[in-house]
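What follows is a single structure, written as structure tokens, with notes after it.
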2 protein chains.
Amino acid sequence: MRKASRLGKRNSLSRDQIIEAAISILDESGKGGLTFQALATRLATGAGAIYWHVENKDDLLISACDVVIQRTLHSVVERPTPEETIRAVGLALFDCIDTHPWMGTVLAQTPGKMPMVRILELIGQQVRVIGVVEEWAAVSALLSYILGVAGQNAANAQFARKHGLDRSRFLGEVADVWACLDATAFPFVSSISCKLAEHDDRADFLAGIDLLIRAMLPVKR
Amino acid sequence: MRKASRLGKRNSLSRDQIIEAAISILDESGKGGLTFQALATRLATGAGAIYWHVENKDDLLISACDVVIQRTLHSVVERPTPEETIRAVGLALFDCIDTHPWMGTVLAQTPGKMPMVRILELIGQQVRVIGVVEEWAAVSALLSYILGVAGQNAANAQFARKHGLDRSRFLGEVADVWACLDATAFPFVSSISCKLAEHDDRADFLAGIDLLIRAMLPVKR
DNA sequence: ACATATATGGAATGACATTCCAACTATGGA
DNA sequence: TCCATAGTTGGAATGTCATTCCATATATGT
């Protein structure tokens with residue numbers, strides 16, 4: 001990757017094209033499916049040409065993630081209260097990562113980069129509107145929680161894909177393993193193993209957001 | 001990897017030896033430093049021999065992580081109240097991952113496996129003692145939060161190592177980038193960029209735990 | 001038209017994880 | 001005691017990638 005394009009581009013490659021193609025491949029085949037070879041094939045070019053527009057694979061992944069994050073966050077409309085807006089942002093992100101699991105992995109591994117900054121900004125603004133005293137503690141807790149859930153979901157999806165299972169079959173397998181644990185050493189885990197398969201990730205996620213929001217609101221209720 | 005050892009082992013390899021060697025390498029050189037070649041060299045054997053005792057690299061990473069997690073959690077002594085025990089578990093994990101950043105990556109990528117199950121169990125037990133109504137919501141929020149912070153710290157450390165920076169220099173660089181953002185589009189992030197370098201990850205982590213604990217306690221206070 | 005900066009595409013290169021395989025070595029019967 | 005067998009080893013293939021190289025194109029402005 002050198003500098004910006006200058007040449008007229010009859011039939012040429014552009015950074016945006018490359019990123020869009022990368023997003024398609026990632027959505028279709030997961031993070032493991034994105035190789036420079038696959039990308040070059042889809043774009044009918046060679047791997048070398050791609051490196052003219054993109055620094056390396058991390059650059060590509062972060063940019064792809066950023067494009068989708070921008071679209072996602074842009075689609076969230078402001079709600080009457082900052083609490084509700086935070087919930088809406090959280091849900092939008094949850095659904096986004098549910099649709100594009102590779103994003104969870106990328107987000108969880110690229111600290112301080114743009115995609116995460118956008119999330120931080122949006123949440124930070126809302127927390128600031130609420131006027132929480134321990135502002136940074138609240139914002140960073142929300143962010144870590146969201147990224148944690150994102151990472152978990154991404155890992156689940158990646159594992160499930162690798163072993164050719166769908167989500168519920170995957171959870172079923174986990175539940176089976178948990179159920180076989182020694183109930184003396186693992187009383188809690190074995191007691192919840194049966195509920196694992198039927199739980200609702202999305203509802204759990206929202207419950208966590210609500211816990212955090214409740215704790216950061218002024219001491220009433 | 002086939003079955004358990006049976007042969008007398010004068011000068012032989014054992015799974016435990018391999019895992020300990022892997023932990024050393026991971027601690028010294030990070031996740032990127034653990035290759036079967038490096039491991040074979042350190043153990044004065046060949047890569048093939050290692051595969052007799054270990055299924056694949058994931059197996060090795062998970063086992064290494066599990067060994068350290070067991071030691072860590074084992075070292076946490078029960079406190080007078082479940083809340084304090086949860087804090088102690090959290091801090092022990094935080095410090096553990098601070099010392100062994102590779103564990104953050106592994107934990108964040110191996111859903112439902114033993115290392116995470118141990119954490120889940122310990123937290124679940126304490127939350128159960130508290131008697132929270134929305135038990136699962138509370139436990140899963142705590143777990144996701146802890147794994148989220150773990151993942152962030154791991155990513156920071158990994159990035160810093162790759163670029164040969166120490167933690168504070170790394171945060172400094174991030175702060176510089178944030179400070180250059182358009183303050184109109186990113187009012188929150190640019191306003192906190194100056195505080196980034198001097199903040200205390202560990203205190204922030206604990207503050208998040210406290211937020212979650214406070215929110216799950218009965219409605220008093 | 002020429003010199004130059006931009007771009008391309010495909011062929012190296014170098015790291016790895018993983019698999020293979022040709023020895024080696026206990027162990028438990030004959 | 002000695003062999004057949006199953007457990008182990010070490011190192012050499014294999015195959016897949018990211019990344020780099022390089023020999024060609026193709027605009028641009030002079």
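All figures in this text were calculated on a predicted structure; none of them were measured in a lab. Throughout, a chain's letter reflects where its sequence line sits, starting with A, and its residues are numbered from 1.
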Are there any protein N/O atoms within less than 3.5 Å of an N/O atom in nucleotides 18-21 of chain D, and if so, which ones and at what distance?
| residue | atom | partner | partner atom | Å |
| --- | --- | --- | --- | --- |
| D:dA18 | OP1 | A:L34 | O | 3.4 |
| D:dA18 | OP1 | A:K57 | NZ | 2.4 |
| D:dA18 | OP2 | A:F36 | N | 2.9 |
| D:dT19 | OP2 | A:Y51 | OH | 2.9 |
| D:dT19 | OP2 | A:K57 | N | 2.9 |
| D:dT19 | O5' | A:Y51 | OH | 3.3 |

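Regarding A:W52, its CH2 atom lies at a distance of 18 Å from the P atom of C:dG10, rounded to whole Å. A straight line from CG of A:L39 to P of C:dG10 spans 14 Å, rounded to a whole angstrom. The separation between B:L13 atom CG and C:dT25 atom C1' is 15 Å, rounded to whole Å. For B:I50 and C:dT18, the CD1 to C1' distance is 12 Å, given to the nearest whole Å.
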Side-chain donor-acceptor distances from residues 169-176 of chain A under 3.5 Å, at least two apart:
none

Quiz: residues 101-109 of chain B side-chain donor-acceptor pairs under 3.5 angstrom, not counting sequence neighbours:
| residue | atom | partner | partner atom | Å |
| --- | --- | --- | --- | --- |
| B:W102 | NE1 | B:D27 | OD1 | 2.7 |
| B:T105 | OG1 | B:Q158 | OE1 | 3.2 |

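Counting non-hydrogen atoms under 4.0 angstrom, B:A38 reaches nothing in the nucleic acid.
Note: B:K57 NZ to B:L39 CG = 9.5 Å, rounded to the nearest 0.5 Å.
Remark: nothing in residues 17-30 of chain A comes within less than 4.0 Å of DNA chain C through any heavy atom.
Ion pair A:D98/A:R202 not flagged as a salt bridge, since none of the NZ, NE, NH1 or NH2 atoms sits closer than 4.0 Å to an Asp/Glu carboxylate oxygen.
Side-chain nitrogen and oxygen atoms of B:H53 include at least one within less than 4.0 Å of the OP1 or OP2 phosphate oxygen of D:dT9.
Judged as a salt bridge (charged side-chain N to carboxylate O under 4.0 Å, His left out), and not counting sequence neighbours, the contacts of A:E135 are A:R128. Scanning for ring-ring contact (aromatic ring centres under 6.0 Å, His included) contacts around B:F188 gives an empty result, with sequence neighbours left out.
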Going through the distances and angles, do A:K113 and A:D66 end up as a salt bridge (charged side-chain N to carboxylate O under 4.0 Å, His left out)?
CA-CA 9 Å; A:K113 295 291 190 313; A:D66 197 39; over 6 Å; no
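For A:H74, the NE2 atom counts as loosely surrounded, since its 6.0 Å shell holds 12 or fewer non-hydrogen atoms of other residues, nucleotides or ligands.
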